[in-house]
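One structure is given here, and the rest of the page talks about it.
What you are looking at is a predicted structure, and each value in this text was computed from that prediction instead of being measured.
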Amino acid sequence: MSTGTTFAALRWRIMRHGPHDERGFGLVAGLVAAAGVITVAGLANAGVLHPSWLVVAVSLVGALWLLGPILLPGSPPVLDPMWFRTLPSPPRRIARDMAVSEPIGAGTVVTLVALISLVVVAAPAGAVAVAVAVVAALAQLHFLLWLGRCAAAGVTRLLRSPVEMWLAAAQMSVLLAVSFAGWVPVAAFVLPDLGAGGTEVVVPSTGAVPAGAEAVLLALPTGWGMAAVHAAVSSGSVLAVAAPVAGLVVGGFVLRELWVTLTAYALRTPPARMRSNITAGRRARGDVAGRGGPVGAVVDREVATWFRDPHRMLGLGHAWMTPVLMVGLVVPTSWSWAAPFVGVMAAVLCAMVAVNTYSLDGTALWQLLTVPGAIRADVHGRQLAWLVLFGLPVVLGTIALWLLTASPLGAVAFGMTLAATGAAAGAAPLFSALMPTPGADARDRVSTADAAGNPAGGQWTILTAVIAVALVPAVGLGAAGVTGWAAHLVAGAAVGAAALLVLPRITRRYLERSGQALLAALAAGDLTRLRTARATAS
């Protein structure tokens, strides 16, 4: 058995027998999205939808390969190159052998299913067009696979120093802002008078994507497979069919060689060491516990940790920069009245960046389990620190946007923001304990290039939960027919306060009951220990 085959077998065994909750969620969600792309192709064949929309759908699938690693930095690879640094082979040879295993993954399956849409489009044109579509789909998959792998390797390399980390945080914040609020300019174009109560819809003159936008998408590498199929279906020249496919094949091999180079460089590079930003004073402070008691000590520790831990600093940058960029997307449009609602999404985002803090702290959890009363102080201290770092700026920013835009729905947005802020502060520690994703332990993690777990499942869960709580005051008052800014303020404050009172108690009880199992899981990096303990307790 060759070394490359051994790597492939190892990757497959890890995916089969290792923790796979996040991978299973991604596979199911991805297959649903891929089925949607195939549906778009069928509707285009039936004449219900213009074919240009399929170009958009396929291009989005390709863009996700590039944007995914940027939006989820630090996610541990299935096979970490650092594991194989001591193998008795040159780094470039190890990287080439590892490349054999890289196509094995849920993303490959999802993309392959989505690219069946090319075959669906080509089917009415005959066997030759179908053959071209099959080759184009495989070439497109080959290109996208290595595009994604290079993006992941590049982001990992970029996150090895503080300056590069903040640059990466800025570009990630741009992508997050577009993800959260990029639809607003489009909605403002379609419903320009919604803020004044107008519901007149502005429909484009045709049901097709603008010709210029479609041409740009087909000219990008993510659209070359579709360009080849279009040429085959319309009886284009051999060059028009072969050139995009050849470009994908050549581009895929170039990206593969780039990935091999980056991985070989990582194998040669010693572990990252970021310069500490902690300055020791002449005297050690001994009054931490006395000033504010145990809860105050936890607040001080948490605030310092948010500026010290590389992964928390990255989340801090996202939470502060992304809402500002979202406001920049909303305010210039006719939907400037919606700017105060950015506060709700800002609270959601701040909850998402804080959803994995217990896993980031790692085996330091033993201190809470061995000191009487420490769990209560820790839960309330984390909650209070979150309110200081995130909750207060979110609430003040929402008030400022309400006053600056004079939004008629400012009171609704402010009430929802209060509810979302309370829910986020209470739910972040709870979901951090309930849905941990361990990576490298805190004492061994010195940069964002070090694996810190993939909290995507917890992030999507808390996003849904916080938005649901934020809707409670608005929907409840609307159903009761109650209006007025005071009612929204009182209702939002009441819902947020209730979350702040109830959720920490649930977190404390869970940590008291399952803390030992959670510590064992974090120490071993194996969540099956936690699941086994839960099953035994139930």
Determine, stepwise, if the pair L409 / W402 fulfils side-chain contact (heavy atoms from CB on, under 4.5 Å).
CA-CA 8 Å; L409 296 178; W402 182 8; over 6 Å; no

Minimum heavy-atom distance A470-M416, with the two atoms named
O-CG, 3.3 Å

Of all heavy-atom pairs linking V58 and T222, the shortest is CG1-O, 4.1 Å

Atom pair CG/CG of L64 and L147 - distance to nearest 0.5 Å
11.0 Å

Partner of V355 under side chain to side chain contact (heavy atoms under 4.5 Å, CB included), chosen from T437, L434, I462:
I462

N/O donor-acceptor pair under 3.5 Å between T333 side chain and L329 backbone
no

So, do V298 and D378 sit near enough that their side-chain heavy atoms are less than 4.5 Å apart?
yes

Give the minimum heavy-atom separation between A114 and A34, together with the two atoms involved.
N-CB, 3.7 Å

For the residue pair N356 / S432, report whether a side-chain donor-acceptor contact shorter than 3.5 Å exists.
no

In the structure I gave you, are the side-chain heavy atoms of L43 and W53 within less than 4.5 Å of one another anywhere?
no

salt_bridge(E512, R376) N-O dist < 4.0 Å:
no

Reported CZ-to-CG distance for the pair R508 and L368, which is rounded to 0.5 angstrom:
13.0 Å

Going through the distances and angles, do T398 and L401 end up as a side-chain contact (heavy atoms from CB on, under 4.5 Å)?
CA-CA 5 Å; T398 303; L401 290 172; 5.8 Å; no

What verdict does the side-chain contact (heavy atoms from CB on, under 4.5 Å) test give for V40 and L54, after you've listed the backbone C-alpha separation in whole Å, the side-chain angles of each residue and the deciding distance to 0.1 Å?
CA-CA 6 Å; V40 171; L54 181 58; 4.1 Å; yes

On a heavy-atom basis, the closest approach of P504 and Q383 is CG-OE1, 2.7 Å

L369 vs I375 side-chain heavy atoms within contact, under 4.5 Å:
yes

Please tell me if the side chains of R312 and E302 come closer than 4.5 Å, counting only heavy atoms from C-beta onward.
yes

Does either side chain, that of W65 or that of T111, offer a donor lying less than 3.5 Å from an acceptor on the other one?
yes

M352 vs L463 side-chain heavy atoms within contact, under 4.5 Å
yes

About how many Å separate OG1 of T305 and CG of D300, when rounded to the nearest 0.5 Å?
10.5 Å

Minimum heavy-atom distance V37-S117, with the two atoms named:
CG1-OG, 3.6 Å

In this structure, CG of L500 is separated from NE2 of H380 (nearest 0.5 Å) by 10.5 Å

Indicate the atoms forming the closest heavy-atom contact of W306 with M313, along with that distance.
O-CG, 3.3 Å

Checking side-chain contact (heavy atoms from CB on, under 4.5 Å) for the pair W485/F414: CA distance, chi angles, key distance, verdict?
CA-CA 9 Å; W485 67 269; F414 186 58; over 6 Å; no

For the residue pair W337 and F341, does the interplanar ring angle fall in the parallel (under 30°), tilted (30 to 60°) or perpendicular (over 60°) class?
perpendicular

Side chain to side chain contact (heavy atoms under 4.5 Å, CB included) partner of H488, chosen from L477, T483, L418
L477

Not counting sequence neighbours, which residues clear side chain to side chain contact (heavy atoms under 4.5 Å, CB included) with A347? List them please.
V394, A420, T421

Rounding to 0.5 Å, atoms CG (D361) and CD (Q367) come to a distance of 9.5 Å

So NE2 of H318 and CG of L325: to nearest 0.5 Å the spacing works out to 11.0 Å

Cation-pi, Y358 ring and R382 (6.0 angstrom, 45 degrees):
yes

Between L392 and L387, is there a side-chain heavy-atom distance shorter than 4.5 Å?
no

Is the shortest side-chain heavy-atom distance between P436 and L518 below 4.5 Å?
yes

Are the side chains of V330 and S336 in touch, meaning some heavy atoms are under 4.5 Å apart?
no

